[in-house]
Amino acid sequence: MTATLLIEQLLNGLQFGTMLFLMAAGLTLVFGVMGLINLAHGSLYMVGAFAAATAAAATGNFLFALVAALAAAALAGALMEMLVLRRLYRRDHLDQVLATFALILIFSEGTRWVFGSFPLYLDVPKALAGTVRIGSLSYPAYRLAIIVIGVTTAIGLWALINRTRLGVQIRAGEADREMIAALGIDIARLYTIVFALGAALAGLAGALIGPIQSVQVGMGEPVLIMAFVVVVIGGIGSIKGALAGAILVGVTDTLGRFLLPVLLGTVMEPSAATAVGSALASMSIYILMALILVWRPTGLMGS
Amino acid sequence: MPDPILKITGLEKSFGALKATSGVTLDLFPGEIHALIGPNGAGKSTLIKQIVGEIPQDAGTIAFEGQAIDHLDAADRARIGLARTFQVSQIAPELSALKNVMLAVEARQGRVFRFFRPVSRDLALTDAAMAFLYDAGLGERATMRAADLSHGERRQLEFAMALAMKPRVFLMDEPMAGLSPDGSKRMTAFLSDLRRTAPILLVEHDMEAVFALADRISVLVYGRVIATGTVAEIRANPDVRTAYLGDEAA
Amino acid sequence: MKTLLDLKGVTAFYGASQALFGVDLDVAEGEVVALMGRNGMGKTTTVRTVSALLRPREGAITFAGHATRGMAIHRVARLGIGLVPEGRRCFAPLSVEENLTAAARASDRPGGWTQTRVEALFPRLAERRSQRASTLSGGEQQMLAIGRALMTNPRLLVLDEATEGLAPVVRQEIWAAIHQLKGDLAILVIDKTLKELRQVADRCFLIERGRTVWTGEPAALTPELTDRYLGV
Amino acid sequence: MTRESLLNIAVLAGFLAVAIIASLSGQPYLVTLATKAVILGLAGVGLNLALGYGGLVSFGHAAFFGIGGYAAGILASAAQNYEPLMTWPMELAGTTSMPIIWATAVIAAGLIALPIGALSLRTGGVHFIMITLAFAQMIYYFAISWPAYGGEDGLSIYVRNSLGALDTMDPLTFFLIAFALLLLVLALTFMATRARFGLALAMARQNPLRLTSMGVRPFRVRLAAFVLSAMAVALAGALYADLNRFVSPSMLSWQISGELIVLVILGGVGRPLGPVIGAAIFVLLEAWLGHLTDYWQLPLGLVLLLVVLFARGGVIGLLTGRNANA
Amino acid sequence: APLKVGFISTLSGGGAGLGIDARDGFLLALKQAGDAGSEITVITEDDQQKPEIGVQLADKMIQSDKVDILTGIIFSNIALAVVPAAVKQDKFYLSVNAGPSQLAGKGCDPNYFNVAYQNDNQHEAMGEYSNTLGYKNAFILAPNYPAGKDSLNGFKRFYKGELAGENYVKLGQTDFAAEIAQIKASGADSVFFFLPGGMGISFIKQFSNAGTGLPMMGPGFSFDQDVLPAVGDAALGAHNAAQWSPDLDNPANKAFVEAFEAEYKRLPSVYASQGYDTALLILSAQAKADIADHDAYHAALKAADFPTVRGSFRFGNNQHPIQNFYAREVVKRDDGVVTNKIVGTAFEDHVDAYAAECPMK
Ligand SMILES: Nc1ncnc2c1ncn2[C@@H]1O[C@H](COP(=O)(O)OP(=O)(O)OP(=O)(O)O)[C@@H](O)[C@H]1O
Ligand SMILES: Nc1ncnc2c1ncn2[C@@H]1O[C@H](COP(=O)(O)OP(=O)(O)OP(=O)(O)O)[C@@H](O)[C@H]1O
Ligand SMILES: CC(C)C[C@H](N)C(=O)O
Ligand SMILES: [Mg+2]
Ligand SMILES: [Mg+2]
């Protein structure tokens, strides 16, 4: 194993992490700030990816595809909030679970109805195709771009929530919705905005991931689970925590897949090591989450 | 003089730079009401939380009937006989007032892991709970969901639960708060008798009640006990007047 | 004086159980009105209907000339009602400063409330500026709740048990503050200390079992009345 | 008698009637569907103890469902292949006897739920949801990659396990076995939630701080609820394995945890028969809509959505109003 | 005589594309058969890619719908749950796709026919053909589940070069950056992977983005018509092996591909061809025998007397196909459609590795 390989794997972990962050950021906003468990967040990710693929097919322009993804996901999110979720804030979390589960079914089958059962095509934009040389390492430019976008979004979002009056009002609304309304703030509109923002982030993640993964129905749920893991590791409602959690999960998952078989190879025969190692790697992020929660029951930056 | 039932020595607790309690030494004798007064944020509730084991102290020791109880957790301390009322009512909102109190009775008996007999048919439980509700002035509201009680009624429920624990010591955090004038009057009369059942450490801002009830008063300011004495002594203490009482000393 | 708030024959329910059976209440501009009654008689419920937190079943509520029935909570608040609710309800995870910022609304009249002015009224809040509201002492939270309501620059301040749990000196400060505010804005106050209420109120309303049973100036509050309706 | 208890009796009687009539009129598949609903309902009743009464939203109960299933699968396949289950430290043979399998499933799940519960209960709320998911996922991936019991391919039982002289392959007989177990577990949970334990559990859910101050550790009460709930779910898992004569890791997947939660909410959280009604509706919709269109999950989603929006307290809530169990 | 066929397949969720193709191919053949086809009633149900649901549907079809023949299952884990019980109840099961080794060897059964392949075959064929391509140091990759392990074992059975590395990934994984970095660092001269559906799409896109320039190869599943439209040019030049290809030169196939495109507006996949052949097999048996006569019907099926789109087809002793496997290359047609083209033959009349363990003659 060389240092270059290790660095490359760390970059891979970082990229995977920032991608997860975009998903987790929307979730943690909606989840921590609005107190809403949104299982259908993965559907918004799917909506973003499908919108991007459709727009790219029609125009051949990736930037346009990104805009389409953001718009479609934000719109879907706003509609979801206004038509369904708005009625559920005062209810038990469990009602939200059932409603958003129903929304997953509706979005998935709806998408399949419109786009068919076969995956769609979305390619890396020309400008970001190919690799970039960093020292002795050549790394896909597109993955680097995802890292940059992810980190920038993280900073912007953190500032929005912690440094603006809008952010303060949103958090106040989470603490006591009725009270913030009694102070004259239109919490309903505020929540629609927040939800659409979270949805747009999920859509962005879907669009960004489209060129390197499969754009297909059901693509959202595995990522959703990972994003929940991230949110919980990071501490609910904390943007900083989501970023830290995302990178931790990304790096653990990537290094686990890479290092565990190697490490086990030193104590058992190679083919068994590969099998056991990869089994352990599949479990690694869950083990990580369990350890963190046992150690800090509210996550890294939770209160 | 008898031995104190509760004896607190040199208790310290800091939140970051803030000293919430600082070298607090205090005791409570059988049969007495010892009032603890002091400005808002002086550390009274924090002190109670430390006594019941909800937050661990940084230093100092708490002794109950001569035994240090520092190693016991909150549930253990409740079981040996420390009952507390909360400054903000702590109730099970979806249960009826009666069931809230029944649970306190059940917990006192230490029989929680019983899976078969329905509680509603357990007359020993319901009757006892009912009696405590009447003591607290809430008998008529027994079957109402606790969530539907008014603020003052919840305070009464809070109090009924403490009674139901039949503790050796009461630690009461502002029991008068939220009660209407007539409620306060009744509560004052009730507490006055209650001290014979078990002594009371009473945190209260209602001076009328404190002056009527307290055998001794300690004054906590910025986490320190600045004075302990009889009602008359405290009323006359100029430091206490400026720090706390203002013109209510009169 | 011009009437600011007016309730006529208001009834209200919690689910199936009726809490108000016909409350009449009015507050004029700049006036201090005390709402009195025993525990569970419907004082808080009345105030909740004023703030639209609870929809009245029957009756009319007007504020500053607007009928508020059916209006959204935040719209009613923006008409100029600043609520200090029972139990304080500070935004627990937010700092003191953030609690104030969240509520801030520019005044349409000169000399509006700002964070500086609130901190001048309650210096303790300045000391605790960046502390989370959940860790404030009870009294500190109460000050914060009042400060927060003032930050909305209301025309009517509604104080539901605002001195509960406060040390006597602070309580005196708050009463002093109410005296100071008097005239500047109208105040509807619920409290258990009759002595103070009598000094500050222009008029009193007694309610029992969800009905207004008596209205008048504090001086007219005879011992028979207080004994009958307040138990003292 | 309250409306809810009338409804409960009607539902149980309805189940029995449907199964018997279907069986008499030569529609064995309907009996199978009813059996499936009963088994999922049983799992839901188990989950409801933690989720509804204890407020412990476990997103990992598939682990116990699957453990129950694998207990049945492993014991039965060992017996059918005449291979010992283990040879060390002592030789243990498999079995096809249902009672032994049930006991094994229940005990195994209880033993595994104990550490999982103890660790998970250090957290609360959403963290609890996720940490239970984490443990279930670990078990899931373990089952997929562990070759001994078929991995992802699963394990076939071929012939249903036996209960005395009964012909368990007969759909109605098997239905009745499952139904009897459902009644038993229902009765037990009903009693437990009304007994002292239930009161303490309600307080642990609604106000743990108060419970502590009364001298009872919420942790123990919750842990007991979690473990009992896992045991009931494992029993359902063992039956489910027998229903399908097959177990695989998909029984351990998070989708199953999710579906169990959905059943409970659909029927009515914290209502004794909520999960049973939820399971019946879910199974019916699945079977019926699946016929109508390839895109059957779309109408299913819409139905579920309408239920949440317009039926507070699930379907039972819709039919009987607010929970009277104050 | 009328016949009832139960078609249980994955028709919803992420894996739906495969099931839908198999079903569409199957129904197309029946439609083309006219009257003979209308004699056959097909009941389709969605197994949601869950084995338990598959079992329940099989129960339903046998008990309530009283079907004579079951077919349609795509995934091996579902087949393993359904098939043994179904054949024990004397129903024929004809596999349109899944071909787990358990059912080819000791677990073979007279009532079970596989019309597609044995699971290892495509991997074996690619292993064989990789020698022709001259690869000496391949990196091989599959999901960590039984079919994945069979895949790599099948490949290694015929591949003669060295292994630069062997890696199992998580089932359902979609980010392969870690594996790709390892492949780059391993000094491999080629990469073989079995990653069906979305996993394959993700891998191919990421691998081509990484700019290693290494040649890709795999079983037909990794490069079929469910995958290729979604990866675009990224897969061009990749080699893969299958028993069928859209450009396979025989009249039956030409007609099939044309009709399929006309009917469904897309190119058929290997799953569609398998579904089509399965229907043809049933039609051929219908022409010769009545389902009421189980033995005669069995003989008619076993004869496999139908115009397969694969050119040649017969059943071995374990009732799995003995057929050719072709090496295919991913190419772009003139009209821009990315598809497979046959570039060689990996095996002729290949018999699977488990046939010998099957006691049937
Ligand atoms: N967890 C905490 N973190 C930081 N500061 C805290 C915490 N808990 C309490 N404090 C601070 O400690 C001080 C003492 O609080 P405490 O609640 O004991 O006051 P108190 O005497 O009960 O006041 P009151 O009469 O208003 O209820 C207060 O200034 C409060 O802000
Ligand atoms: N959420 C609720 N649901 C049902 N009933 C309620 C609810 N809140 C209050 N009530 C009932 O309405 C009546 C009036 O309550 P309200 O809170 O207005 O009284 P209050 O005069 O403010 O009393 P207090 O001095 O105790 O605060 C009481 O009988 C109470 O039990
Ligand atoms: C589509 C194929 C990859 C299916 C494979 N034969 C399986 O068993 O899962
Ligand atoms: Mg206090
Ligand atoms: Mg009130």
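Protein chains get the first letters and strands the later ones, always in sequence-line order, with residue 1 at the start of each.
- Summarising the geometry, atom OG belonging to Ser117(A) is positioned 8.5 Å from atom CG belonging to Leu11(E); distances are rounded to the nearest 0.5 Å.
- Side chains of Gln213(A) and Asp175(E) form a contact here, defined as non-hydrogen atoms less than 4.5 Å apart.
- The two residues Leu5(A) and Ala181(E) have their closest heavy-atom pair at CD1-O, 3.5 Å.
- Judged by distance alone, the side chain of Asn144(E) and the main-chain N or O of Ser278(A) form no donor-acceptor pair under 3.5 Å.
- Taking OG of Ser12(E) as the start and CG of Leu105(A) as the end, the distance is 9.5 Å to the nearest 0.5 Å.
- Contact count against chain E (heavy-atom pairs under 4.5 Å) is highest for Ile212(A) among Val124(A), Asn12(A), Thr4(A), Ile212(A).
- Counting heavy-atom pairs closer than 4.5 Å to chain A, the top-ranked of the candidates Ile201(E), Ile20(E), Asp21(E), Leu152(E) is Ile201(E).
- No part of Ser108(A) comes within reach of chain E, as not one of its non-hydrogen atoms sits under 4.5 angstrom from that chain.
- Counting heavy-atom pairs closer than 4.5 Å to chain A, the top-ranked of the candidates Pro229(E), Gly198(E), Gly172(E) is Gly198(E).
- Contacts of Pro119(A) with chain E are made by both backbone and side-chain atoms, with heavy-atom separations under 4.5 Å.
- Interface remark: Phe118(A) contributes side-chain atoms only to the contact with chain E (heavy atom separation under 4.5 Å).
- Taking all atoms of both residues into account, the shortest heavy-atom contact from Ser202(E) to Ser214(A) is OG-N, 3.2 Å.
- Looking at Gln182(E), both its backbone and its side chain come within 4.5 Å of chain A, counting heavy atoms on both sides.
- Residues satisfying the ring-ring contact (aromatic ring centres under 6.0 Å, His included) test with Phe16(A), not counting sequence neighbours, are none.
- When the heavy atoms of residues 41-59 of chain A are compared with those of chain E, none of the residues falls under 4.5 Å.
- Of the possible polar contacts, one joining the Lys205(E) side chain to the Gly210(A) backbone as a donor-acceptor pair under 3.5 Å is found.
- Environment of CG in Asp334(E): sparse, with no more than 12 heavy atoms of neighbouring residues, nucleotides or ligands closer than 6.0 Å.
- Scanning all heavy atoms of the two residues, the minimum distance from Ala230(E) to Leu120(A) falls at CB-O, 3.4 Å.
- Side-chain contact annotation: Arg143(A) with Gln206(E), donor-acceptor N/O pair under 3.5 Å present.
- Contacts of Ala279(A) with chain E are made by both backbone and side-chain atoms, with heavy-atom separations under 4.5 Å.
- Listed options Glu221(A), Gln216(A), Gln9(A) were ranked by heavy-atom pairs under 4.5 angstrom with chain E; first place goes to Gln9(A).
- Checking side-chain atoms of Lys170(E) against main-chain N and O of Arg257(A) turns up no donor-acceptor pair under 3.5 Å.
- By the ring-ring contact (aromatic ring centres under 6.0 Å, His included) test, Tyr264(E) pairs with Phe260(E), sequence neighbours left out.
- Scanning for salt bridge (Lys or Arg N to Asp or Glu O under 4.0 Å) contacts around Asp24(E) gives Arg266(E), with sequence neighbours left out.
- The heavy-atom pair separating Asn167(E) from Thr274(A) by the smallest distance is CA-CG2, 4.0 Å.
- Remark: Glu162(E) CD is loosely packed, at most 12 non-hydrogen atoms of other residues, nucleotides or ligands lying under 6.0 Å away.
- Using a distance-only test at 3.5 Å, with no hydrogens or angles considered, a donor-acceptor pair links the side chain of Lys184(E) to the main chain of Ser138(A).
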